[in-house]
Number of protein chains: 2
Amino acid sequence: MRGLGLCRILIEAGIDAPLSKWPPIAQVGKTIAARRRFFRSQEHVDSIPIICDGWAAVAEFLPNGRRQILSFLLPGELLSSSTLFESCVDHDVEALTPICYRLFDRAGLWERLVTDPKALSSFVNDCAEEKHRLDELVLDLGRRKAHQRIARLILELMDRLARRSAVREPTFNFPLRQSQIADATGVTAAYVNQVLKGFRGKRLIKLEKRSLTVLDVARLRRLIDE
Amino acid sequence: MRGLGLCRILIEAGIDAPLSKWPPIAQVGKTIAARRRFFRSQEHVDSIPIICDGWAAVAEFLPNGRRQILSFLLPGELLSSSTLFESCVDHDVEALTPICYRLFDRAGLWERLVTDPKALSSFVNDCAEEKHRLDELVLDLGRRKAHQRIARLILELMDRLARRSAVREPTFNFPLRQSQIADATGVTAAYVNQVLKGFRGKRLIKLEKRSLTVLDVARLRRLIDE
DNA sequence: CGTAAAATTGAGCTGTCTCAATCAATGTGG
DNA sequence: CCACATTGATTGAGACAGCTCAATTTTACG
């Protein structure tokens with residue numbers, strides 16, 4: 001099992017520690033409302049956000065307006081480890097809930113990596129984990145049916161949340177809109193609705209008031225690759 | 001514009017130099033026939049292949065037998081920079097043509113990265129580039145039509161080959177089978193055939209005898225996002 | 001409490017798949 | 001160098017997953 005990576009190394013004091021406990025390369029935190037695009041890495045940027053609280057989504061747009069969500073960011077996650085040193089990526093980061101985040105200084109992070117093998121090692125691990133997740137997403141989009149992708153998304157989010165909170169609840173807070181699920185899984189919002197209806201009908205999940213319960217983890221998991 | 005990355009740093013003498021010109025962490029090369037799976041990174045592996053000659057594909061399988069090609073490897077490319085330090089990835093690497101490759105010692109590579117900031121920098125760049133390609137693939141599979149994905153694949157391969165040979169020919173060697181195009185773009189082999197027929201009909205490409213000519217680069221490119 | 005955003009539903013429609021058959025090309029052993 | 005065997009390409013008919021668009025209801029929010 002893998003730890004929480006570079007972030008964990010950087011902030012021994014915990015994600016919601018006061019700024020004084022953060023390394024000097026961390027800047028003061030900001031709070032913003034849900035639904036706001038709070039970061040766009042288009043031109044030269046010299047700092048990278050880390051999510052302290054709330055959910056965010058990293059998305060890319062097609063010229064024709066269609067959108068693909070590349071990943072969700074949960075509390076304690078750094079934006080895209082492997083693009084840490086790309087000055088120019090065309091990804092938007094959008095708050096899905098009210099968000100609190102801090103910024104890390106890029107140059108400082110690099111300095112740290114070069115001089116601290118433990119940090120470097122964590123960083124490399126983060127890259128690998130991120131790549132692994134992306135590989136899985138490609139597999140999903142290329143070779144699985146819509147309902148399987150959605151099942152996987154649900155289970156993956158549950159896993160990631162569980163890893164953080166250390167409790168494995170089949171019920172958890174689920175702020176995603178159907179249109180966001182759609183953009184993450186490469187289908188239409190209308191069709192996400194159909195699929196969720198199907199899941200509810202088969203008593204696989206319960207979803208109401210932004211709270212999701214996976215009623216039958218095993219069956220949902222089995223569904224993914226049948 | 002980005003260089004050829006870590007590989008370039010490691011092998012100043014050029015990809016087809018005799019072994020004596022290679023760094024000590026490179027092992028002797030091997031040659032294998034097309035169609036062979038020559039590397040499977042399943043359990044602990046202590047070396048990573050670099051392609052000296054030929055094309056290869058990195059693929060992942062679903063339990064139900066379906067396959068997704070995650071990337072193609074062209075001459076001079078290292079297998080998956082960002083998984084360089086993952087001992088366990090479930091990807092197969094398959095030769096698409098007769099292949100010549102060498103192996104790099106993993107521990108040695110790591111040593112080099114920690115001590116040589118220039119190598120580290122190249123490595124980070126490679127990770128970023130690889131992630132960028134993967135992001136694009138996700139965008140493709142999630143939000144583009146089959147013919148657009150195939151157009152993009154063709155153009156991307158043309159670009160990558162051109163970057164290597166420094167000549168920008170609209171005609172190049174194209175060893176991919178339709179079934180491989182299918183597994184890379186998330187469609188069916190039968191449908192790939194339809195799409196290619198369409199491209200030929202519209203005089204966008206010429207494809208015969210493993211040789212591909214892009215007749216109208218601009219129009220093919222425009223097609224991708226319309 | 002009114003308004004905007006999300007969810008739900010339905011009626012077509014189309015891109016892509018499945019399966020199967022045929023044809024072409026490539027390789028192999030004799 | 002031929003005859004067969006295998007693999008890949010091409011094509012067609014039918015099926016269905018998932019899309020579009022639009023209408024309606026529900027939920028969230030200032």
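All heavy atoms count here, side chains included; hydrogens, waters and symmetry mates do not. None of these values were measured; they are calculated from a predicted model. We name chains A, B, ... by the order of the sequence lines, and we start the count at 1 in each one.
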Problem set entry | Non-neighbouring partners of B:Arg160 that pass salt bridge (charged side-chain N to carboxylate O under 4.0 Å, His left out), sequence neighbours left out | B:Glu77, B:Glu156
Exercise. Over how many whole Å does the gap from B:Ile181 atom CD1 to D:dG8 atom P extend?
Worked result: 13 Å
Problem set entry | Under the salt bridge (charged side-chain N to carboxylate O under 4.0 Å, His left out) test, residues paired with A:Asp53 that sit two or more places apart | none
Exercise. So, does A:Thr97 use its side chain to make a donor-acceptor pair with the main chain of A:Trp55 at under 3.5 Å?
Worked result: yes
Problem set entry | Protein-nucleotide distance (B:Asn64, atom CG; C:dC17, atom P), rounded to Å | 14 Å
Exercise. Taking the nucleotide of DNA chain C with the closest heavy atom to each, which residue, A:Leu176 or B:Arg144, is nearer the 5' end?
Worked result: A:Leu176
Exercise. What residue pairs, at least two apart or across chains, pass side chain to side chain donor-acceptor pair (under 3.5 Å) with a residue in residues 193-205 of chain A?
Worked result: A:Gln178-A:Asn193
Problem set entry | Interatomic distance where NE2 belongs to A:His147 and C1' belongs to D:dC16 [whole Å] | 13 Å
Exercise. CD of B:Gln178 versus P of C:dT16: gap in Å, rounded?
Worked result: 16 Å
Exercise. Within the pair A:Asn193 and C:dA7, is there a side-chain N or O less than 4.0 Å away from OP1 or OP2?
Worked result: no
Seminar exercise, completed: With sequence neighbours left out, the residues meeting salt bridge (charged side-chain N to carboxylate O under 4.0 Å, His left out) with B:Glu60 are none
Problem set entry | Length of the line joining B:Leu141:CG and C:dG15:C1', which is rounded to integer Å | 16 Å
Exercise. To the nearest angstrom, how far is B:Gln148 atom CD from C:dT16 atom C1'?
Worked result: 14 Å
Problem set entry | Nucleic acid contacts - residues 194-205 of chain A versus DNA chain C, non-hydrogen atoms under 4.0 Å | A:Lys197, A:Arg200
Exercise. What integer distance in Å separates B:Asp140:CG from C:dT16:P?
Worked result: 12 Å
Problem set entry | Residues which pass salt bridge (charged side-chain N to carboxylate O under 4.0 Å, His left out) with A:Glu226, listed by chain and number, not counting sequence neighbours | none
Problem set entry | Residues in side-chain hydrogen bond (donor to acceptor under 3.5 Å, both in side chains) contact with A:Thr171, at least two apart in sequence or another chain | A:Thr213
Between N or O atoms, less than 3.5 Å apart, protein on one side and nucleotides 18-29 of chain C on the other: list the pairs.
unit_1, atom_1, unit_2, atom_2, d
C:dT18, OP1, B:Arg66, NH2, 2.6

Exercise. Under 4.0 Å between a Lys/Arg side-chain N and an Asp/Glu carboxylate O for B:Arg144 and B:Asp225?
Worked result: yes
Problem set entry | A:Glu208 CD to D:dA28 C1', straight-line distance once rounded to whole Å | 16 Å
Exercise. By side-chain hydrogen bond (donor to acceptor under 3.5 Å, both in side chains), which residues pair with B:Glu94, not counting sequence neighbours?
Worked result: B:Arg67
